Engineer: 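Have a look at this one before I ask anything.
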Number of protein chains: 2
Amino acid sequence: MKMSPRPKVGLELTEILGAAAEIANQFGMQEVTLANLAKKLGIRPPSLYNHFDGLAGLRKKMAIYGLDQLYEALSQSAIGVSGDEAVLSISKAYVDFTRKYPGVYEATLMAPDMEDEDVQHAGSRIVHLSVRVLQAYRLEGDTVTHAVRGLRSILHGFSSLEQRGGFKMALDLDESLEIIIKAFIQGMREN
Amino acid sequence: MKMSPRPKVGLELTEILGAAAEIANQFGMQEVTLANLAKKLGIRPPSLYNHFDGLAGLRKKMAIYGLDQLYEALSQSAIGVSGDEAVLSISKAYVDFTRKYPGVYEATLMAPDMEDEDVQHAGSRIVHLSVRVLQAYRLEGDTVTHAVRGLRSILHGFSSLEQRGGFKMALDLDESLEIIIKAFIQGMREN
DNA sequence: TGCTAAAACTAATTGTATTAGTTAAAATAA
DNA sequence: TTATTTTAACTAATACAATTAGTTTTAGCA
């Protein structure tokens, strides 16, 4: 019996998620396979099952990891600002994030079950942040909820379309975002 | 040697795309595999290669098919209306479409190459329709382009988030959409 | 020192897309 | 009508992904 040297890699979950995020950002989520991830980490695919429950488990963990990072970026951008300035600030931070970490953002949308409690919780922090920022406008009744839905729709739709190359006109995208957001919040305030 | 009867199925591409759309609408695009599609059609997976170039080719054809259907629904909804009424009408038609045919809408976003000429062309018809509807507001300069980008962002973002169960508050979604769209177009007009 | 648990491993199974080569049916040409 | 060509099915085989079962090494701890 030969003593094949099996160096105990001793992987931490965060290193695994970091490696998975790198693959996702560089090549897209469809390239985040157990085979590719294992290769990058220098281990065999079945070994990954010691850290999470298969591909579905990995995607869930990546979604939560991504939502946490996105929340972090957004909340940082909202420090010390309020009103229009705050809404514009988190809007730009949101789009910046999807540009810098497209794969992580993609992972955010690829949880096997969006109804899952942990995923919901990670996402709800972002919703609550939006609520807090929009409450500055003192909208009445359910209007805050409608406004949050609108803001999220704009940010997600804009980012998604931009990532897919959906905007073909040669016209500055940051300018578009600013104009769109300003129009929306002004329109919400007036009704 | 027995003459095994091999009934010439004589599939038309539209029947194949229809079957694929049914799978997509019922079970999601991840279930649109060559194996599942072939089973539904009563043929063997390799036979599908006579009709399109593998899974990537199928996805491209489904994307174009979906964009054409979406355009059809939107343009019908815009007949005989103008201004706010027209924008609201196509917005509702857009969201209705994604609710009735979620898999087809998903296919719209899953083309292997969004830059592909045929896919771009199918998508551009929808953009042109939006331009025509928004031109009623006589926005100046590049503002029409910004407005089209905003409208598309809202509609795509809203639909996408709704489909993924992203809106958890118990508050009517159609009402949200109407308020969001009205706020956006009013805000765009005033600047 | 010896036990236990964590985290790696190999081997084998299943399901997927894909390619190569074959054949029957239908359409077309002689 | 008969012969040829094209279309669209087929079988067989390959490559690669996820997964499961069972095994082994390493590290920490009693």
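The model shown is predicted, which means the values in this text are computed figures rather than measured ones. Numbered from 1 within each chain, the chains take letters A, B, ... in sequence-line order.
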Engineer: What are the residues of residues 19-36 of chain A, sorted by number, that bring a heavy atom to within less than 4.0 Å of DNA chain C?
Structural biologist: none

Engineer: Roughly, in whole Å, what's the span from CZ in B:Arg44 to C1' in C:dT19?
Structural biologist: 17 Å

Engineer: Tell me whether the count of non-hydrogen atoms from other residues, nucleotides or ligands lying under 6.0 Å of CZ in B:Arg44 goes above 12.
Structural biologist: no

Engineer: In whole angstrom, what separates A:Leu48's CG from C:dT10's P?
Structural biologist: 14 Å

Engineer: Which residues pass the side chain to side chain contact (heavy atoms under 4.5 Å, CB included) test with A:Lys61, sequence neighbours left out?
Structural biologist: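 Listed in chain order: A:Leu13, A:Leu17, A:Phe52.
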
Engineer: Under 6.0 Å between ring centres: does that hold for B:Phe97 and B:Tyr71?
Structural biologist: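 No: the rings miss the under 6.0 Å criterion.
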
Engineer: Rounding to a whole Å, what distance do you find between B:Asp53:CG and C:dT19:C1'?
Structural biologist: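 My rounded result for the distance is 12 Å.
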
Engineer: What is the separation between atom CZ on B:Phe52 and atom C1' on D:dA9, rounded to the nearest whole Å?
Structural biologist: 14 Å

Engineer: Between C:dT18 and B:Tyr49, is there an OP1 or OP2 to side-chain N/O distance shorter than 4.0 Å?
Structural biologist: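 Answer yes for this pair, as a side-chain N or O of B:Tyr49 is under 4.0 Å from OP1 or OP2.
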
Engineer: Between A:Ser47 and C:dA7, does any side-chain N or O lie under 4.0 Å from OP1 or OP2?
Structural biologist: no

Engineer: A:Ile43 has an atom CD1; how far is it from atom P of C:dT10, in whole Å?
Structural biologist: 12 Å

Engineer: Look at the side-chain N and O atoms of B:His51 and state whether any lies under 4.0 Å from the OP1 or OP2 oxygen of D:dT7.
Structural biologist: no

Engineer: Looking only at heavy atoms, which two atoms of A:Ala147 and A:Met188 are closest? And how far apart?
Structural biologist: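 Minimum heavy-atom separation between A:Ala147 and A:Met188: CB-CE, 3.8 Å.
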
Engineer: Which pair of non-hydrogen atoms, one from A:Val95 and one from A:Ser159, has the smallest distance, and what is that distance?
Structural biologist: CG2-OG, 4.0 Å

Engineer: Counting side-chain heavy atoms from C-beta on, which of D:dC10, C:dT18, D:dA21 comes nearest to B:Pro45?
Structural biologist: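 My answer, after comparing the listed nucleotides, is C:dT18.
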
Engineer: Under 3.5 Å, is there an N or O donor on one side and an acceptor on the other linking the side chain of A:Asn50 and the base of C:dA6?
Structural biologist: no

Engineer: How about B:Tyr94 and B:Phe158: are their ring centroids closer than 6.0 Å?
Structural biologist: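 No - the distance between ring centres of B:Tyr94 and B:Phe158 does not fall below the 6.0 Å cut-off.
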
Engineer: Measure the distance from CG on B:Leu55 to C1' on C:dT16 and round it to the nearest whole Å.
Structural biologist: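 Distance, rounded to whole Å: 10 Å.
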
Engineer: May I have the distance from B:Glu12 (atom CD) to D:dA8 (atom P), rounded to whole angstrom?
Structural biologist: 8 Å

Engineer: Can you check the B:Arg59 CZ to C:dT16 P distance for me, whole Å?
Structural biologist: 13 Å

Engineer: Which pairs of donor and acceptor atoms, one on a side chain in residues 124-133 of chain B, lie under 3.5 Å apart (sequence neighbours left out)?
Structural biologist:
residue	atom	partner	partner atom	Å
B:Ser124	OG	B:His121	O	2.7
B:Arg125	NH1	B:Asp68	OD1	3.1
B:Ser130	OG	B:Ile126	O	3.0

